[in-house]
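Computation of the quantities below employed the complete heavy-atom set of this structure, encompassing side-chain atoms and omitting hydrogens, waters and symmetry-equivalent molecules. Note that the structure is a prediction, hence the values are computed from the model and not measured. Just so we're on the same page: letters track the sequence lines, and every chain starts at 1.
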Amino acid sequence: MNENIPLLSIRNLSTHFFVEEGVVKAVEDVSFDVAEGKTLAVVGESGCGKSVTALSVMGLVPESAGRVVDGQILFRGDDLLKKTESQMRRIRGNEIAMIFQEPMTSLNPVFTIGNQIVEAVKLHQGIKGEHAWSHAVEMLRKVGIADPARRVREYPHQMSGGMRQRVMIAMALCCWPSLLIADEPTTALDVTIQAQILELLRELQKQQNMSVMMITHDLGVAAENADDVAVVYASNIVETASVAAIFEEPLHPYTQGLLRSMPRLGQKMERLESIGGSVPNPLHFPQGCKFHPRCPIGVSDQRCRTQQPQLREVAPGRCAACFHAKGYGD
Amino acid sequence: MSQNGKNLVEVKDLKTYFPVRKGMLKRTVGHVKAVDGVSFKIESGKTLGLVGESGCGKTTVGRSMLRLTKATSGEVFFQGHEVFKESRAGLKRLRRNMQYIFQDPYGSLNPRMTVGSIIAEPLRVHSVGSPEQRCENVNEILKRVGLSSDHARSYPHEFSGGQRQRIAIARALVLEPDFVICDEPVSALDVSIQSQIINLLQDLQRDMRLTYLFIAHDLAVIEHISDYVAVMYLGRIVEYTSAKRLYESPLHPYTKALISAIPESKPIKDKQRIVLDGEVPSPSNPPLGCPFHPRCPVAEARCRHEVQSLADVGTETEHLVACFRALEGEK
Amino acid sequence: MNEDNINSFQRSSLWHDAFRRLRRRKFAMVCFWIVAGYFALAVFVYIAESIDPTMSAINWKEQLGQGMEYQRPSLCSVKTIFGTNFLGQSTLISTLYGVKTALAVAFAASVISIMIGVPLGAAAGYFGGVVDDIVVWIYSTLSNIPWIILVMAFAVVLNDDKIMGGKLSGEPGVYLAIGLTSWVGICRLIRGEIIKRKESEYVLAAKAVGCSNSRIIFRHLLPNVFHIIIINFSLRFVSFIHMEVIISFLGLGDANKPSWGKMISAASSELTRGIWWEMTAATMAIFVLSLALNIFGDALRDCLDPKLRMER
Amino acid sequence: MPAYIIRRLLYMIPIVFGVLLLTFLLFNVVGADQAVYRLAGNNPTPEILDDIRHELGYDKPLIFSIDSQFVTHVKKAVTFNFGKALDKEPIIDKLKNGVPYSLALTVPMFFGIVVTSVSLAILAAFYRGTWFDRIILLICVAGMSFPYLSYIIFGQYFIAYKYDLFQIYFSPQRSIWSNAALPILIGIVVGIGGNVRFYRTVMLDEINSGYIRTAFAKGLSTRVVLFKHLLKNAMIPIITNTVLTLPYLCLGSLLLESFFGIPGIGGITLDAIESRDFSVISTMTFIFSILFVIFNLISDVCYAFADPRISFD
Amino acid sequence: MITNDWHRRLILLILILPTIHTGCRKDPADEKGMVLRQALLSKPQTLDSGNMSDVYSMMVGGDIYEPLYTYHYLKRPYELIPLSADGMPEVSEDHLTYTIKIKKGILFQDDPCFRGSKGREVTVHDYIFAFKRMANIKFINVNWSGWQNKIVGLDDFHEYTRQFKDEYSVDYSKEVDGLLALDDHTIQIKMVKPYPQFISALADICLSPVAQEAVNYYKDEINSHPVGTGPYRLNKWHKGSYLIVVRNNNWRGEKYPTEGEPGDAEEGLLDDAGRELPFVDAVYWTIFKQQQPAWLSFQKGLLDSKSIPKDNFKEAITSETGLSEEMRERNIRLVKFVDPSVFWIGFNMKDKVLGNNLPLRKAISLAIDRERFIDIFFNGHHVAAHGFIAPGRDSYDPEINKCGYSRYDPEQAKLLIKEAELICGDSIAPLKLNMPGSGTFFTQYGQFLQRSFEDVGLTLKVDYMDLPTYMEQTAKGKSQLFASSASAVSPDSLDVLGMFATKNFAPGSNLFFYSNSEFDKLYEEGEVMFPSDQRNELYRKMERMVMEDYPAVFLNHRVSYVLYHDWNRNVKPHAFSFGLTKYRKIDVEKRNKYKDLLRSIR
């Protein structure tokens, strides 16, 4: 494997949804890389298009409503968008696995968890019968489920939320994927459970040497788990950088605002800083820089109001999409 | 707890159980002890933060206090009135001064009513003022929460989550109450909006001399807004102290774990964190002894069958904890 | 701005949204106008009949004996556009009268079933306990009896002069029978919806504000299930029309009023002789109306509440 | 499980009681005297009428007595000894004779409706948004809108008489299947419209759910996802809906049996309604409601097989 | 998502599914053996001879049971002949004692209720049992009302049965004085008073011999297990659907009549004279609840004959020529016969408006155009009624039209209404008519009447109700006007005259509550008179007497029609008699060719 080629490379991806009221540009001109063995955190607020990006990679954008209109998704150099359905099926769950936010609804309630894991094992690994089941038990043990031989015969509703997310992880990892897409894996969980799951993910990533694309809205989660961070605002990537850099010196005003508005433990202040206004409706994005109405600089800058800044490398290893970012030029 | 007479609200040994029915005749075979003996006081003008994981009973405490959920036993005093013993009319009177802000800004606003009539509803129910006056009140409170009076004609679904929460706050405050229970008012909001609402709540508290019971699962938010914090676990308060002290020197192992579990907002490698094993037990079948003992990293033999009630560790600031080891360690 | 102003804005904008979406569906709007046309016809027949039962141009009785033979459909005169039956009565006019009968019965029955079902369902759902038990008992009892038998039984009983002094025979009997037996569906639906919503935060918010139970039911809960009632009404309407046809076919309806069921009953054996137009006219009248209602009702459902599943 | 069934059976008691009370009020109180006139023959004297009233127990108190008419009514139902019809045949015999024919008509109809409509619904849900889906939907809505009676009358006239494809009327020489083919077909055609529409909605609800996404994310093929993951989850609404199909079957058996001369209990019921034989109507109502209750019970038990989340506690 | 071929297979399956059934068709018309296929338009209520009263039961029961007497199949006017009796009865001077011999060697059909399942010989005790059973109070019997106070001691027996628990515990050994078995084959019946209609009453199926063994064996199920002596026995009966009767091998045998009415020979009705009966081996009776399938089946040749119900009169018959072209093409034959009956609009004489207002009643009669009514509804084939004794009855009065107000004269009706209003003191309130049905015929009939009433300035409200409700209301005297009809069961007219006797007030047959003491006196007289010109005169006098008072408007007498396929031989309808199947014959070959005929027409 060529070291220079990232495992997953997304180039100018655009995914649109066509609804009665118009076109929802859920993902617009998004590019980023996920390096081999590394974790990329895609951070953004709800509705900014981070989950749709993940679904686009998997080829699971609901056909009836939306489709990828432009761009490339290069996985080990091959464009996933050009693959046939059956080729994609061989990749899904095998090379690229995914876990979802709601472990409650993401597991099929009417099959035992064993059944659901074995299904994927049989499909991709060609392991049959008893072996597949023992593999499933092994996976469950690996994700820290006590008494897996018994649990494998249970149904999802017999488990707690944390357990279910562990099962989801076991299911995703049972075929040794090289890329794991984790779509808000801990949002629905309590902090103590979240800590457990994140710990588990870190451990397994190390063990299996896989890449992780972690989608989250929680900067804290990103800070603790990611190597690189991509910040998404209103369907666009506004900033990418290594995790250390982004927390050290955020370049985009949105990232800055986000970091500053978070109440921090042990640092009580009189007042929180906040970003004014609210997230724009994806049907009616503002002209120019989409952040400009909420931006302390952009709101009065003519260029921000009319022109959309492109994501551009501003320093080695980091990009930003803001005219006023340090090193953006112009 | 401080014994001065400024306590606006006092909760004594509140218990709220939900029956579990099973079997042929749907007999009650047990109880989900959602709230199992909770006591606290809130001084006038202060904020008590109530923090805990989902299912620990913090919301039930809030709802029981307002009699939105029927409590099994206990007493709640509000401005000297015993809430649970009030008549229907008395309760209605009390409710003028006790308001509730709900978690879900999408679910708590009636989608079929205009914002104006949603906010005017409390005024109308309590027959405050003439229609014109009410209208003025509505406009005024709208401005106060950062909306314009034009918004009164719109419907909730035209607003974003943050704006809706502002409407909900306006509804709670239009009667100018003394006490507001904020039930996770920001947890359903986007990160960039949360701080707006928190700031708003703080401003209003200052301007209108409000007393808050602030319920949340996010310790950082709680720390920011509260004067005192009570940590709940499985229907009980396990630790109670001032916000400052709680973060500086948490005593209960659960509190420690909770604080440690919060992701840092800075990438710190190799942070030593306490990761708790297992999950919160079911409140219908809580473990014997200290409810936290199955997950407690420092549990001893006695924790398995004895329970330490909430006791003051005897420091300068009031600091109560329900743990043998913590108490002994401090003394 | 005063409170009246606020009140005047209480027509939900959800409705406006729904109607805007509805208006965009051309096919549904065509269906809406068809249904509206039927209603207009029914009203026209009603007015024409009540102004002057003898002189009105479409008096049904007046037809009798003007011709004594079948007349095939022809364009010679308005009366024979759809042909005539063997007494020379115009099929067109019988069909028009059938519109009135069917719509009157279906409408009255719908109103009755809603008047019974909605309050009972709301009370059962909201108060729970004994009230709920009793309401559930009543409707499970009713729903465990096949509606066709129940409707017939009610029609028979209401026609019986011992009970109602003969006052409810005929048309009131039919719509009472349908209404009294079919409130179960809407009651169950409303009960479920109320149970679902009574724990919702906006109801809790109303409680926290100090609203009384009746205020919560009428001001906060019912407006939120109103669209369900409307959807249910539109879908139920079709089945009531079909029920009316079957009831009058079986001779349990009001024999004094012409109806589609009676037309079908009269025309069924005439098919053998190639007298197809009476049967076809009645069938098509029912078909077009129910098709339009079905499509319109579906569109209404999609627009008002896309998530609502059909309740039959 | 047995405890659950017993509890459900106990739960039946108030409903059955309600049915009995209702049928009693509807039929015994109102309709009794007509029966007397029917039995008295052509030119009865008032004494004969009184004799008959006495013999039939219509002179007893209505409800509030140990041997009141209501008690007799309940006793009859509980012992399954329903007494005699106006034609003096024991009603239980009528039932025994009719049930096989009714079953021969309704059971294939039932399965026909369920199988056809579920398959069509899956197809429509799979092709959602395409012309195929729209045509299926349109046909279903059109099919629902066509009056039941016209289906029967046109069907009998064109299919059986004109084109000679099926039998016009029941004939004892032929097998019941040959006799019942056309009515079954009509019943299915009438029944599938609403069902397809309903199942399609159910399928669409499920097709957008999380576990379907998970299944696709695992790399499963569409067929496995639809027929394994989707169908088993859709079973619950399907089971619920089959209970709702029952009244349609009941109506179907009434009209179809009457038009095609199939000697089932539907035809008997319609006969009884026409001749105002209230004891038969009330028995049939009772039997039908017992069937409904049992069917509900069966469907509840089926839920448990379809959905492991449902426990019998 | 990729397409697979599984769904194509599914579509194919769905398309194939409905065609599976069509493969197995077999036409019963192809079968061998002579099978007659008849239609019944309603289900027979019972096949228990003792409780039979409806036409449909008797149509089937007539083939299974044999009463003592019956009518000659071909001869007109109707003539009573012995059936199971051996000759006509010996009647005593005072007309009170009848001695009847029965044929020897009549056997019941084989049935499990008999010892060895072999039908035993019929004795007079079986006839006596039939009488006693009818009188049994516990066996609620529709025919009892007609036999009250007729036979010596039978009413006592009726009272005697009151003490028993149920029908089957009644001890039949108690003797009835009026029913004496002189020996096993001779019975002596004593009447309370002369009963001229007795012999024709003995032709009623309800007095066929009944085997007590059968009653005790089948108990409640006797309805569906008829044990008779007739030419056929029940093979299978599915209630509400079909009946099959097959040849009874125990039947004593009989021959086809050798003489008939003039013209019968030309019609081919005497072709089989003297041949051994019965011809057909089995009869399939199919019960049709809806008209359409019955017609379709007849047209298709699946039924051999079919009567035309009043609802669908126009279907087969065009106005003047009789049979329609289409029917003739198919070799369908029509036979019409006078069926002594009368349709009327009755007045409730107890009603305040109508009761003492003769001009109003007359005016209503004048307001109705009978000819037009018959034209519209019966294509002019019925006969307008001027009185109530129908043509075809002994005492029919051809001159009755001269008396009364049966012509159509709206002008005079209006004058009479003015007169009526004087009596009333006010304008006439809207009148209410009870109609015994809500089918197409009834509604159109009702509309016709409404129209006629309107023309003379009266308002009529028609209440269409089901027959049982109608009967109850009328019997309780609750109706104001009511539409009704009566058919004869014998040529004697006493039954229709009885409708006006005070002692027959409803719930008896006098639904009009008509009361006239003079008429009552004559009726008492007539009741005991035997057929004679003198009696006919008396009857006619009574009829005119009633017509003076107008308790009813008589509209028309029915002429009945039967359609039959030309392969169905020996079809001659009969107004009173049942059990005619044994005379019928089928040309099986011709029937089998009908399909080809249909094809050629198409």
Fit a plane to each ring of B:F78 and B:F179, take the angle between them on a 0 to 90° scale, and name the class: parallel (under 30°), tilted (30 to 60°) or perpendicular (over 60°).
tilted
Can B:M208 and B:R144 be said to form a side chain to side chain contact (heavy atoms under 4.5 Å, CB included), step by step?
CA-CA 11 Å; B:M208 299 173 75; B:R144 211 156 189 177; 3.6 Å; yes
Tell me whether B:K58 is salt-bridged to B:D183, with the criterion being a basic N under 4.0 Å from an acidic carboxylate O.
no
Other residues, nucleotides, ligands: >12 heavy atoms within 6.0 Å of C:F127 CZ:
yes
Can you confirm whether B:E176 is buried at CD, in the sense that more than 12 heavy atoms of other residues, nucleotides or ligands lie under 6.0 Å from that atom?
no
Measure distances from B:L66 to the heavy atoms of chain C and classify the residue's part below 4.5 Å as side chain, backbone, both or neither.
side chain
Side chain, backbone, both or neither: which part of B:R67 has a non-hydrogen atom closer than 4.5 Å to chain C?
neither
For the student: nearest non-hydrogen atoms of B:N110 and C:R219, plus distance
ND2-O, 3.9 Å
Listed by residue number, which members of residues 93-104 of chain B have a heavy atom under 4.5 Å from any heavy atom of chain C?
B:R95, B:M98, B:Q99, B:Y100, B:F102, B:Q103, B:D104
Relative to C:Y46, does C:K100 satisfy both conditions: NZ or CZ under 6.0 angstrom from the six-membered ring centre, and within 45 degrees of the ring's axis?
no
Does C:M115 have more than 12 heavy atoms from other residues, nucleotides or ligands lying within 6.0 Å of its CE?
no
So which residue, B:S130, B:P122, B:P177, ends up with the most heavy-atom pairs under 4.5 Å with chain C?
B:P122
Based on non-hydrogen pairs under 4.5 Å, which of C:V203, C:L221, C:N224 is most in contact with chain B?
C:N224
